[in-house]
Amino acid sequence: MNTIFQVPKPVNEPLLDYAPGSPGRKELKSRLAELRSRVIEIPLIIDGKEVRTGRITDIVIPHEKRKVIGRFHRAGPAEVRLALEAASRAKQTWGKMPWHARVSVFLKAGELLAGPWRQTLNAATMLGQSKNAYQAEIDAACELVDFYRFNAYFAERIYAQQPLSPLGSWNYMDYRPLEGFVFAVSPFNFTSIAGNLTAAPAIMGNTVVWKPASAAVYSGYFLMKLWQAAGLPDGVINMLPGSGGEVGSPIIDSPDFMGLHFTGSTTVFNGMWKTITGNLDKYRGYPRIVGETGGKDFIFAHESCDTEALKTAIVRGAYEYQGQKCSAASRSYIPRSVWEKIKDDLVAQIKGLKMGPAEDFTNFMSAVIDKAAFDNIKGYIDFAKASPDAKILAGGGCDDSEGWFIEPALIETSDPRFKTMREEIFGPVMTVYVYEDGKFEETLRLCDAASPYALTGAVFAQDRAAALKAADALEHAAGNFYINDKPTGAVVGQQPFGGARASGTNDKAGSLLNMMRWTSPRTVKENFVPPTDYKYPFMAEK
Ligand code: NAD
C-alpha cells in the first residue's frame with residue numbers, strides 16, 4: 001500500500017457513570033450474573049492454542065471467598081519451553097509485518113473493548129479483583145482503551161523520528177523490534193496494566209511471554225480472548241499463569257530473553273533484576289528492564305489549604321479500591337490548625353464509607369484481594385493498635401468470615417518515621433502525622449526522606465509560594481506530583497505514570513518514553529554517489 005499512515009488522533013474513552021436506569025448499568029449487571037453463574041476453566045494460551053496441565057488453582061471472589069468462579073491451569077518448565085518456541089516462531093512474521101497492520105490489531109482491540117467487550121472485562125474485574133463498577137470502568141474499560149489508542153499514536157510518532165539527510169545521501173532510522181522476546185509480568189490490581197505490559201512491546205513488533213498475577217488470571221483470560229477477537233496472530237502474546245518463580249526463572253534463563261516489562265512489588269522486581277544481571281553472559285544483548293513498582297504515596301497539606309478538598313482527597317485517595325493502588329495515598333502530613341478543623345468530619349466520613357460485595361453498586365469499598373493481603377494489612381493495623389506512638393481514629397476491624405474485608409483505617413501517629421509512614425501496606429490504611437504550624441519546610445524534608453519510594457504525592461495549598469516550595473522540596477519524592485488533587489487517578493495521555501527511587505525505572509506507562517524501550521533502532525545511511533578515490537584534497541602537495 002502506498003501511503004504514509006497516520007494513526008487516528010487519540011482521545012480518552014469517556015467514562016460511563018452506571019447511574020440507576022442507565023443502559024450501561026443494566027448490561028453490566030446482566031454480565032455479572034452470567035459470569036458468576038458458571039465456573040470457567042482457564043487453560044494456558046500458547047501459540048493461540050489452549051494448553052491444559054492439570055495443575056489447577058481455584059479462582060474465588062475476594063468478597064465471597066467460598067464462591068469459585070473459575071479454575072486455572074498452572075504452567076511449568078515444559079510449557080515455558082513451548083511458549084518460548086511459539087514466541088520465536090511468531091516473531092518471524094509479526095516483527096516483519098507492516099507497522100500499521102500491527103497497530104490496527106490493537107486499535108481494533110480498543111474499539112471492541114469500548115463497545116461489545118466492555119462489560120465482559122468490567123464484570124470479570126469486579127468478580128475476580130473485587131472492584132466496584134466505577135473502579136472497574138476506569139481500569140478495565142477506559143484506561144485500557146486509552147493505552148491502545150495512545151500507544152498506537154506514540155508508535156507512529158517514534159517511527160516518524162528521522163535524522164537529517166544532507167544532499168547526496170539519505171539517512172533513516174529503522175525501528176527494529178528487540179532481538180528476542182519480551183517477558184511481561186503483571187500485578188493483580190489493574191486489568192489495564194496487564195493489557196498494556198503485554199501490548200506495548202507487541203505494538204513495537206515484539207512477541208511476548210506473559211505471566212499474569214494468580215489473583216488476576218480471571219480477567220487476564222478475557223484479555224487473551226479480546227486480542228484473539230481483534231485478530232492478534234497466534235504466538236504474539238502467550239499466557240502462562242503459574243507461580244512467579246516456576247514460570248519466571250526458566251524464562252529469564254533463556255538466551256532469547258531481551259526485555260522485561262514488569263509491574264508489581266519492589267522486592268520481586270529487585271530479585272528479577274539481580275537474576276538478569278547474573279545471567280548477562282547468556283544473553284545475546286543487554287535486556288531492556290522496565291519496572292513500575294511500589295509506592296508510599298503522600299498528601300502534604302499547607303496551612304492555607306482548602307480543607308474540604310483535602311478531606312475528599314484523603315478519602316478517595318486512600319480508600320478507593322481498598323487502597324490497593326500503587327498510587328494510593330497512605331501517609332499525610334497535616335498542620336495542627338488544619339487538623340483541628342478537619343479531624344472530626346474526616347473520621348465521620350471514613351466511618352460512613354459503605355463496604356461490602358463489589359456487585360452491590362451502593363458500596364464504596366469491597367474486599368482486599370486474598371488471604372495473604374488480608375493477613376499482611378491486618379498485621380500493620382495490629383502493630384499500630386499495640387504501639388504507644390499511634391492511635392486508630394477510624395477502622396481497625398478486619399473480618400474474613402465471608403470475604404477478605406478490612407475496614408478503612410485512619411491512624412494518627414506522633415512519629416513521622418512510624419512504620420506505617422514508611423512501608424507500603426497496599427491496603428485501606430492512611431496514617432496522619434500532624435505537624436506544628438510554621439514547621440512546613442522541615443516537615444517537607446521529613447516527607448522527602450521518610451520512605452524509599454517516590455511514586456505519587458500531592459500538596460494542598462492555596463498559597464502559591466507554599467505550593468512552589470513543596471514542588472521544589474519534593475522534586476524527587478514523586479514521579480507523579482499533584483497540586484490540590486488526590487495522588488491517584490492518572491489518565492493515559494494526560495498524566496504519564498511512573499516513579500523513581502524504589503518505585504521503578506520511571507519509564508512512564510502509556511507514553512512515548514515507554515514505547516521507546518521496545519525498539520532497538522538501526523541507523524541506515526545510503527550514499528547516492530559514493531567516493532571513488534581514497535585520497536583527500538589536503539593530501540596534495542600544492
Ligand atoms: P507482586 O510483586 O507480588 O507480583 C507481581 C507479579 O510478579 C505477579 O504476576 C507475580 O506472580 C510475579 N512474580 C512474583 N515472583 C516472581 C518471580 N520470582 N519471577 C517472576 N515473576 C514473579 O505484586 P502484586 O501483589 O501483584 O501487586 C502489588 C504491587 O504492585 C504493589 O507493590 C504495587 O505498588 C505494585 N504496583 C505498582 C504499579 C506502578 O505503576 N508503580 C502499578 C500497580 C501495582
Side-chain angles (χ1 to χ4, degrees), residues 57 62 72 74-75 80 128-129 139 143 147 183-198 200 209-217 219-220 239-254 257 260-276 279 289-297 321-330 368-377 423-427 451-456 478-480 487-490 492 495-511 514:
T57 297
F72 72 84
R74 296 193 306 275
V80 168
Q129 288 137 278
D139 164 20
E143 182 165 82
F147 273 134
F183 183 23
V185 181
S186 54
F188 80 82
N189 67 333
F190 272 82
T191 303
S192 60
I193 292 179
N196 180 52
L197 292 173
T198 41
V209 178
W210 168 40
K211 202 207 89 58
S214 296
V217 173
S219 56
M239 181 176 89
L240 296 181
S243 116
E246 255 175 63
V247 175
S249 302
I251 293 179
I252 290 182
D253 262 0
S254 162
F257 170 74
L260 173 64
H261 203 190
F262 176 89
T263 300
S265 62
T266 304
T267 314
V268 169
F269 186 54
N270 288 358
M272 292 175 86
W273 192 309
K274 283 177 195 151
T275 310
I276 293 166
N279 280 352
I289 306 179
V290 174
E292 295 304 333
T293 57
K296 186 70 196 170
D297 311 298
Y321 190 38
Q322 296 79 263
Q324 298 173 119
K325 299 186 185 189
C326 51
S327 56
S330 66
V368 300
I369 193 72
D370 57 17
K371 177 170 166 30
F374 179 88
D375 291 344
N376 180 48
I377 300 162
E423 297 179 12
E424 182 179 56
I425 302 172
F426 222 60
S451 119
Y453 300 107
L455 192 52
T456 74
N480 283 59
T488 58
V492 176
Q495 297 93 22
F497 191 78
R501 294 188 183 162
S503 292
T505 54
N506 199 16
D507 287 292
K508 299 290 186 212
S511 80
N514 178 283

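Please read these numbers as outputs of a predicted model, since none were measured by experiment. Residues: numbered from 1 along the sequence shown. Excluded from the calculations below are hydrogen atoms, water molecules and symmetry mates; all remaining heavy atoms, backbone and side chain alike, are included. Just follow the structure's listing: the first ligand is 1, and inside any ligand the first atom is 1.
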| task | Output the list of atoms in ligand 1 that are nearer than 4.0 Å to some heavy atom of Cys326, sorted by atom number. | result | 33 (C), 34 (O), 36 (N), 37 (C), 38 (C), 39 (C), 40 (O), 41 (N), 42 (C), 43 (C), 44 (C)
| said: Keeping Gln324 on the side-chain end and Phe426 on the backbone end, is there a donor-acceptor pair under 3.5 Å? | reply: no
| remark: When every non-hydrogen atom of Val368 is compared with those of Gln322, the smallest separation belongs to CG1-CB, 4.0 Å
| said: Judged on heavy-atom distance to atom 1 (P) of ligand 1, which of Gly271, Gly499, Ser265, Ala328 sits nearest? | reply: Ser265
| note | Closest to atom 20 (C) of ligand 1 by heavy-atom distance, out of Gly220, Gly245, Gly244, Ala372, is Gly244
| request: Return the option from Gly248, Ala373, Gly264, Ser192 holding the heavy atom at the smallest distance from atom 29 (C) of ligand 1. | output: Gly264
| task | Working to the nearest 0.5 Å, report the span between OH of Tyr321 and CG of Asp139. | result | 8.0 Å
| Is Phe262 in contact with ligand 1, taking contact as a heavy-atom separation below 4.0 Å? | yes
| message | Does any part of the side chain of Phe72, heavy atoms only, come nearer than 4.5 Å to the side chain of Ser214, both counted from C-beta? | response | yes
| task | Could you pull out the closest heavy-atom pair between Ser511 and Pro496, with the gap in Å? | result | CB-CB, 3.9 Å
| Roughly how far, to the nearest 0.5 Å, is CZ of Arg74 from OG of Ser243? | 8.0 Å
| query | Can you tell me which residue and heavy atom of the protein come closest to atom 26 (O) of ligand 1, and the distance to 0.1 Å? | reply | Phe188 N, 3.1 Å
| Does the side chain of Met239 come within less than 4.5 Å of Trp210's, by heavy atoms? | yes
| message | Counting C-beta onward and ignoring hydrogens, is there a side-chain heavy-atom pair between Val80 and Leu240 closer than 4.5 Å? | response | yes
| query | CG/Leu455 to NZ/Lys325 distance, rounded to the nearest 0.5 angstrom? | reply | 12.5 Å
| request: Give, for atom CD1 of Ile252 and atom CG of Leu260, the distance between the pair rounded to the nearest 0.5 Å. | output: 6.0 Å
| Heavy-atom gap Pro212 to ligand 1 smaller than 4.0 Å | yes
| query | Tell me, which protein residue and heavy-atom name are nearest atom 32 (O) of ligand 1, and how many Å apart are they? | reply | Glu424 OE1, 2.7 Å
| note | heavy-atom search around atom 27 (O) of ligand 1 in the protein gives Pro187 CB, 3.5 Å
| Closest approach of any protein heavy atom to atom 28 (C) of ligand 1, naming residue and atom | Phe426 CE2, 3.5 Å
| note | So the atoms of ligand 1 within less than 4.0 Å of a heavy atom of Leu455 turn out to be 41 (N)
| said: Any heavy atom of Ser186 closer to ligand 1 than 4.0 angstrom? | reply: yes
| said: Given Asn506, Leu197, Val268, Asp297, identify the one with the heavy atom nearest to atom 13 (N) of ligand 1. | reply: Val268
| request: Can you measure from CG (Asn514) to CG (Asn196) and round to the nearest 0.5 angstrom? | output: 6.5 Å
| task | Using a 4.0 Å heavy-atom threshold (strictly under), name the region of Lys325 that reaches ligand 1: side chain, backbone, both or neither. | result | neither
| remark: To the nearest 0.5 Å, atom CZ of Phe497 lies from atom OG of Ser327 at 4.5 Å
| said: Checking contacts now, so for atom 4 (O) of ligand 1, which I'm interested in, is there any protein heavy atom under 4.0 Å? | reply: no
| Is the closest side-chain heavy-atom distance between Phe183 and Ser254 below 4.5 Å? | no
| query | For atom 10 (C) of ligand 1, what is the nearest protein heavy atom, given as residue, atom name and distance? | reply | Lys211 CE, 3.8 Å
| said: For atom 41 (N) of ligand 1, what is the closest protein heavy atom, and at what distance to 0.1 Å? | reply: Thr293 O, 2.7 Å
| task | Please identify which atoms of ligand 1 are closer than 4.0 Å to at least one heavy atom of Asn189. | result | 43 (C), 44 (C)
| task | Please could you name the atoms of ligand 1 that Phe497 approaches to less than 4.0 Å, counting only its heavy atoms? | result | 39 (C), 40 (O)
| Of all the non-hydrogen atoms in the protein, which one sits nearest to atom 7 (O) of ligand 1, and at what distance? | Val185 CG1, 3.2 Å
| message | So if I count the atoms of ligand 1 from 1 in the order they appear, which ones are less than 4.0 Å from some heavy atom of Ile193? | response | 42 (C), 43 (C)
